[in-house]
Every structure is written in structure tokens, then in C-alpha cells.
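Only heavy atoms go into these numbers, but all of them, side chains included; no hydrogens, no water, no symmetry mates.
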Protein chains: 4
Amino acid sequence: MNDQPAPEAAPEPGRPGRRRSEASRQAILAATSELVAEVGYANLTIEGIAARSGTGKQTIYRWWPSKADVLLDALMTKAELHIPIPDKGSYADDLRAFLTASFALGRDRRIMDIQRALMAHAQLDEDFGRRLRTEALQRRRDALAVIQGRARDRGDLPPSPSPGTAADLVFGVIWYRVLVTHQPLDQALVDELVAMLAPAANGGRRRTTSSRPRQGSNG
Amino acid sequence: MNDQPAPEAAPEPGRPGRRRSEASRQAILAATSELVAEVGYANLTIEGIAARSGTGKQTIYRWWPSKADVLLDALMTKAELHIPIPDKGSYADDLRAFLTASFALGRDRRIMDIQRALMAHAQLDEDFGRRLRTEALQRRRDALAVIQGRARDRGDLPPSPSPGTAADLVFGVIWYRVLVTHQPLDQALVDELVAMLAPAANGGRRRTTSSRPRQGSNG
Amino acid sequence: MNDQPAPEAAPEPGRPGRRRSEASRQAILAATSELVAEVGYANLTIEGIAARSGTGKQTIYRWWPSKADVLLDALMTKAELHIPIPDKGSYADDLRAFLTASFALGRDRRIMDIQRALMAHAQLDEDFGRRLRTEALQRRRDALAVIQGRARDRGDLPPSPSPGTAADLVFGVIWYRVLVTHQPLDQALVDELVAMLAPAANGGRRRTTSSRPRQGSNG
Amino acid sequence: MNDQPAPEAAPEPGRPGRRRSEASRQAILAATSELVAEVGYANLTIEGIAARSGTGKQTIYRWWPSKADVLLDALMTKAELHIPIPDKGSYADDLRAFLTASFALGRDRRIMDIQRALMAHAQLDEDFGRRLRTEALQRRRDALAVIQGRARDRGDLPPSPSPGTAADLVFGVIWYRVLVTHQPLDQALVDELVAMLAPAANGGRRRTTSSRPRQGSNG
DNA sequence: CTCTAACCGAGACGGTACGTCAGGTCTTGAC
DNA sequence: GTCAAGACCTGACGTACCGTCTCGGTTAGAG
């Protein structure tokens, strides 16, 4: 049923016929971004995208399995979802940088709405769920795993919680706030998470710029 | 737009006109439960529910704003989503009991699928999102808050993380596993969460019944 | 199915129970007249009549078989559909008076629209068709028949066309203009019909006030 | 509201997109004819037509504004509603031929029922009324006008009634019998109409086969 | 002075069909 | 072989009314 040749497929040089139109691809992704901002994901339709982009529905169906895939593609193409992971010298500082960068992404209301919609769609469409996980979510986990690997090599990765659980906690809180409570992802949360996951003996940040009161040890 | 007199509204004795049919209400909720199990949420339709329950569509639209609301009602009516919160004597033990009971709910594949679908719908329909939060999600937070209140009174509530953040962490992990990783909610996770959130000096469980090997460090 | 005790039924003295509410009857007929003028017959509904009149649907269904019957009742109650048939001394003059009076009825746009709608409904509902014929249409034929009877007695009823066909012609033209061409029923048509159906030797009107050019009589 | 590109529109060679399916069109018209014969116009529904014809409702709505239009199309496509108007040499004979042919059409019970229903719908839907008049009714008037034109040229068109009124009389009687009295359109009526409208001195039929009593001429 | 029958308003009920929307597929002629 | 265009079948939507069926509450004769 889903015989798409995978959108990222190479052009296959020796193939006859007209080549895929890059202009149409761009137009479709642009139209999708505009439309989702204007009418919201629930009112986003393939027909609307085709009309807005001046393309045919078939062209969309030929290259993407669902409207969520188009949207995911648009998001990944346009927005810089990349999380930088420079080595800050300690697990605590690496983690803090990672969290701060991750939270920044969630600050943009439009991007957050799209992420919520994609996550929602992933629950209703198993295939898309798999794609979303492998193409977007896993990359963030991988980034965190790199940080944890560095920490392990360095020797300052705490024994508990396990790295996997730590990741679940980090991403769990983020998604929970995005999906459920709609609370902002603020610096206070960064501090709490770092304190909990990287409770360095000489402890994380020495001089905090946060307004949070000194945390009198949580050990 | 949402002029529903609230399904749980009292019968209002002195009102003229035919009373709401309890038989129809039951039939609709039952049909919804059956159908969602048979065809899945994505293929659940109001028309299908009406046909299966032997009622008219209007009767459904009269009392529920959307199919997700019917499903939520069915879930809350049928399934016992109640989380008991007996006083076990310590925050650690209370928390452990709470988590164990909560995780048990997620063990039933069908209930979990429904919860995933409802959470998905909540992302696409803001009004339903509000209803889901107040009618279902908030109750669980309240239960946890009771435990935390007891701990505060008892003096064994750790200062960090804050109770609110602790709740975000707990529910965040649960939903993240349910929605994203589809990992089972197992005893190991209970232990890790308790260890992190209630790191009692005399520490959580002394004698574990868990099959998890002592974690001799994973670093 | 249609066990209505006939709206015009006598009060039947020895019957227990509450009497039919004359106030409701009036309110229903009045609401019907208003509504049909406001929204047109096609958008006239029993529910609308009930709401506007402040009565229950059942009260309408109890006394009238269809909305067309309500409307017919309203029309016959309010509008004076009676055609006077005074003896003018000759068939030609009687006929002229009859036609003039009949045409006057069709001058009111609202009454004409209602008659069109009732005639339309009669085509779709055989039972109502029978009622419309016996309660309204036949009365007009009877009035014409009285005139023709007088003429026969008087000896100035032409042998052709037969009285029945003459009636068909008269009412045929009226309804055809009302239903199809929407042409006004004017004095010129009266003259033509009289000239054709009562071509008296000493002929109808000697001095016409009509604007029609003298026509050398076609007798 | 009525943006139909007119069903009879030419195929417009250089237009992109899939062509209208002639097979669907035929199936819809055929299904409509069958259904109206089986269940009657009042129980004819667009959904029924779509189901019976194996097409989608949208395909019907795309090309016809209402079920009455579908039915009119079916009637005009299938039934030969054409009235031949050969020159018989005199107005009386032409008229007799025209009436006989017109009456024959009304003999078929099914066609008559459809015509009654269409006329009824025309009263409830002004737009359809216009279409019915221009596409069907006017054509018959035009045919009669041709006959009258020939008579005028020939010099045997009586000065009274005026041609327009004569047409009103002819079609008025026909429709009145079809819609109201349900009397058959028989030869006797033909004779009476011809006698009245074409009262040739040496006129009309010399030897009548009608059972009507000799009428001593009323001219 | 109840009893019982018929009416009344209100309004929920099981239905049917509406007209619309969008989905995903197919067809056409151009490129 | 892809493209824009657009018609096709399908299925569900949410709405409007239908005609019926409770409700609680009058209103009137008969007992």
C-alpha cells in the first residue's frame, strides 16, 4: 500500500521520464507551513495544500504518505531542529546546555503547536509514529546519548538513574508540559533537572544566575 | 457553541419534557467501548456508534460534543481509573504504591490505546483538551498531591525537586513511554523514580522483591 | 394511520376530558400565516409553527395531518375565499362578475403564493390532494355551476362548450397563469373569456370599458 | 449559487483534467427513471439515485442542482416529448393534430405523474421553475405559435381569442385536468377546443367520429 | 371530591436525508 | 514519467425535521 520510493531517494540517473519538480516540492512545503499557521493542523488538508501551492493532489500523494509527513518534512526543512552538543567540560554543564537549547525550541508557539499535532497524529497512525520516532525523536535521544557517553568516559555520569531512564525523564517532562500542562519550559526546570540528573559532588553550576533560591542540597 | 448542560447535571425535578433515556446512554457507551476495541479509535465514528447502539446520531450529539468525549465518558464509567492513596507511613512507600497502581492501569493494552487516542485528540481539539485535563488528568495529579501533602506534614518530603516538578517528572515519564517509546511501565522504573524522588536517608525499600539485579553501577 | 376526528367535528357534549384549546388553534393558524409569509412554504416546518405559536408539536399533529392542511386551514379561516354569485340577469354578466371576483383573489401576491404551494403539495400527497379538491377547489366549481344552472333555466347557456368543459377552461386558464406564466389576471382576459363562453346574440357588454381594441366580435 | 457550467456544455477540447463520465451520467438518469417509477417522486432521494446508479452523491450535485433537475433531464433524454407540427392545410386541422399529439403524451400514467411532480417542484423552487419553463414548457408554446403563425399567414387565424390567450386556454385545460381533476384528455375535448379556437365557417372536421352530440355550431 | 379521560407545553427519542467536505484514485493532455 | 487539473467513488460529517413517545400538569365531565 505504501510504495513510496522514500522521499529521500536518490535521483537514479538512468531513469527515463520527467524528473521530480523541485519547485513543486518547495511550493508544497511552503504552502503547508503557511496553511498550518493560518488554519491549524486540524483544518489542514491535502486539497488545501495542493490549491495553495498550485500543484495537483497526486503530486503530494506521490511523494508523501500523509499530511503529517508533509508537515514533518516542512518542519525539518525549514526550522533548525538541530541541537548542538559542544563539550562544556562536565556532564552537568553539557546537560544544562542541552536542556537550554532544547527548551528554546519549544518557545516558538507555532513550532510547538506543530510538534503537538505531529505527536497526536503519531498516535492515530502507527506508520507515521514509526517515522516520527526515527526521523525526529530518536535524533534528540542520540544527542543526549552522546553527552552521556562523554560523561561516562569522563567518569562523572552518576550511576542512577540509568542513562535510558534519564532520557525518559528529560523528554518526558518536556513532552508532558508541551502536551498536557502547557507550562513554559523555563530556566528553573533546567536547574532542577540538572540538579537531579547530574548531582555533582562539587555540584553543577557554582554560581547560578537563576532566581531560584539556593537549593540546600537534595542528597 | 458548547451549550451542553453538562452530562452529569442533576435531573432537575420540575423540568417539562421527556427525560433523558438512561438506556440510550448506556447503549451508547457500551457500543463505543466495543467499537473502539474492534476497529480502533481512528475508525471509530459517530455513525458507527449510533448504528451499533440502536440510537440516533442526534442523541449522541445532544449529550456529547465529540466522539472523544463519548469515549472518555465510556472509559471513566467502565474502567476503574481510580488510584488509591492509602497512607503507607513514608513518602517513599506512598510513592511506590502510587506508581505501582498507576502503572498497573497502563498494563491493559486496550485502555492504553484509548488513553493515547484521547491524548491525541486533546491536541487537535482545545476544548476537549480542557475537559480531558480537568476530568481525568488533574485527578491523578491531585492524588499525588495528597501523598506529597502527607509527606510535607510528616517532614520527609525532600526540598528538591519541587512537588510540582516531581509530578511533572512522574507523569512525564509515564506518558512519554505510553506515547513515544511504548516501553512497558515496569517495576524497575518504579524503583528508579522512588530512589530519585524520595531518597530517604534510611532509603526506600530495604528488602526489594523486584527481580531487578542490584544495580552495581552502570557507569 | 390518519384517525383525525375531523377538525370540524362537533364538541360531542358527553365526552370527558379537557376540551380542545381554541387559543392554541388560533395561535397555530396565526403563526402559520406569519411564517409562510416570512420564510416561504418550502421553509415552513411543523417545528417552526410550534415554536412560533408557543404550542407543542403534538398539538399540531393531533389536529392536522400535514403542514399543508394547517396552511389551508389558515387560508380558509383568514382570507375570504368566498365568491359571491348574485344574479346579474344574463349568463354573460353573471360570468363576468364571477371572473372579476375570482381574479381579484389572485391579485394578492401572498395568497397566490400560498395557493401555488398548496397545489404543489397536492401533487405530492394524494390524500391532501383530495382534501384540497373537496374543501376548496370544488366550491369554486359549484359556484360556477350555479351560474350555469341559472343560465340554462334562463335559456342563454350556449350549447358549446359543455358546462364542464367551460369550467375546465375558466379554472384552467386561471391556474395556468398562476402556476406557469405568472401573468396577471387582468380585465382583458375577463372579456375574452366572456366573449368566448357567453357569446350572446345581443352580446354581453354593449359598451366596454376595457382598453382592448374593438374586436369585431368573433361570433 | 448555481455555477453549473450547463450540462449541455461542449467538451472544450483543450481543457485539462478528467472528462465527465458519460457512463455515470447515463447510470444516474436511468436510476432516476427506475426509482421514480418504483417509489414515486416524493420518495425519490439523491442518496437513492446515487446508490442505485453506483455513483457518488457529489457526482450528482456536481452536475444537477436538484433532484427535480435530474428527473427533468431523465424525462427529456428518454421520453420523446417532441410535438410534431406538420402543415395539415388549415388552422383547425393543425390544431387538432397538435392537441391529439399533446394529449397522447399525457396518456402514459408514469410520464404524467412525473410532469405533475415537476410542476409541483417548480412551485417550491423558483430557480427550477425558470428552468422548467424555458426547457420544457416554452417549447410547447413555441410549437403552438408556429401553427398560429401559419394560420395568420394563411388568413384563417380567428381574431379572437388572441393567440396568447388561445395558448393559455389550451395549456390551461391540459394542466388543469392533469393537476386537479385527473380527468383523461380525450377526443371530445379536442373537438371542443378546436370548435372554440378555430371556428371556421366551413370549419374543422366535417364528419366527426366523436360521440359528442351534434352541436349546432355556436358561432 | 375524587377519579379518569383527554388535552396541553415541552422536549428527548429513533430515523432519514440533506448538502458538504475531504480522502485517495483515476484520467487527460501537456511537458 | 511527472505535472496541473479536475472528475470520480467513498464515507463520514453535523444539521434539520420528521413523526412518535414520554413527562408533569391542566381541565372537565362522571361517579
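At a cut-off of 3.5 angstrom, counting only N and O atoms as typed in the model, there is a donor on one side and an acceptor on the other between the side-chain of C/K57 and the base of F/dG19. The base of F/dC21 is paired with the side chain of B/R18 by a donor and an acceptor separated by under 3.5 Å.
Taking for each of B/S21 and A/L44 the nucleotide of DNA chain E with the nearest heavy atom, the 5'-most of the two is the partner of B/S21. Mapped onto DNA chain F by nearest heavy atom, D/E22 and A/S24 fall at different nucleotides, with A/S24 at the one closer to the 5' end. Mapping C/K67 and D/G56 onto DNA chain F via the closest heavy atom, the residue that lands nearer the 5' end is D/G56. Comparing D/G48 and A/S66 along DNA chain E, the residue whose closest nucleotide (by nearest heavy atom) sits nearer the 5' end is D/G48.
For the pair D/I60 CD1 and F/dA7 C1', the computed distance is 14 Å after rounding to whole Å. To the nearest angstrom, C1' of E/dG14 lies 19 Å from CZ of B/R25. Taking atom CZ of residue D/R15 and atom C1' of nucleotide E/dA30, one finds them 15 Å apart after rounding to whole Å. Taking atom CD1 of D/I49 as the reference point, atom P of E/dA17 lies 12 Å away to the nearest angstrom. As rounded to whole Å, 17 Å separates atom P of E/dG29 from atom CD of A/Q58. Separating the CD atom of A/E47 from the P atom of F/dA7 is a distance of 12 Å, rounded to the nearest angstrom. The CD1-P distance, from A/I28 to F/dA4, rounds to 7 Å in whole Å. Rounded to whole Å, the distance from CD on D/Q26 to C1' on F/dC8 is 17 Å.
Checking the phosphate oxygens (OP1, OP2) of E/dA6, no side-chain nitrogen or oxygen of C/W63 falls inside 4.0 Å. Contact annotation: B/T59 side-chain N/O to E/dG14 OP1/OP2 distance is under 4.0 Å.
With distances taken from any side-chain atom of A/R62 to the nucleotides E/dG24, F/dT2, E/dC13, the minimum falls on F/dT2. Proximity note for B/T45 (side chain, C-beta onward) versus F/dA12, F/dC3, E/dC13: the nearest is F/dA12. Of the candidates F/dC8, E/dG9, E/dG14, F/dC8 carries the atom nearest the D/R20 side chain, counting heavy atoms from C-beta on.
Side-chain contact between B/W63 and B/Q58: absent, with no pair of heavy atoms (C-beta onward) separated by less than 4.5 Å. Within the 4.5 Å cutoff, the side chain of B/H121 has heavy atoms near those of the B/Y41 side chain.
Geometrically, D/K67 does not engage D/F128 in a cation-pi contact, judged by NZ or CZ lying under 6.0 Å from the ring centre and within 45° of the ring axis.
Considering CG of B/L75 and CG of B/L29, their distance stands at 10.5 Å, rounded to 0.5 Å. Rounding to the nearest 0.5 angstrom, the gap separating the CE atom in A/M76 from the CG atom in A/D73 is 7.0 Å.
Nucleic acid contact for C/G54: sugar-phosphate only, since backbone atoms but no base atoms lie under 4.0 Å from a heavy atom of the residue.
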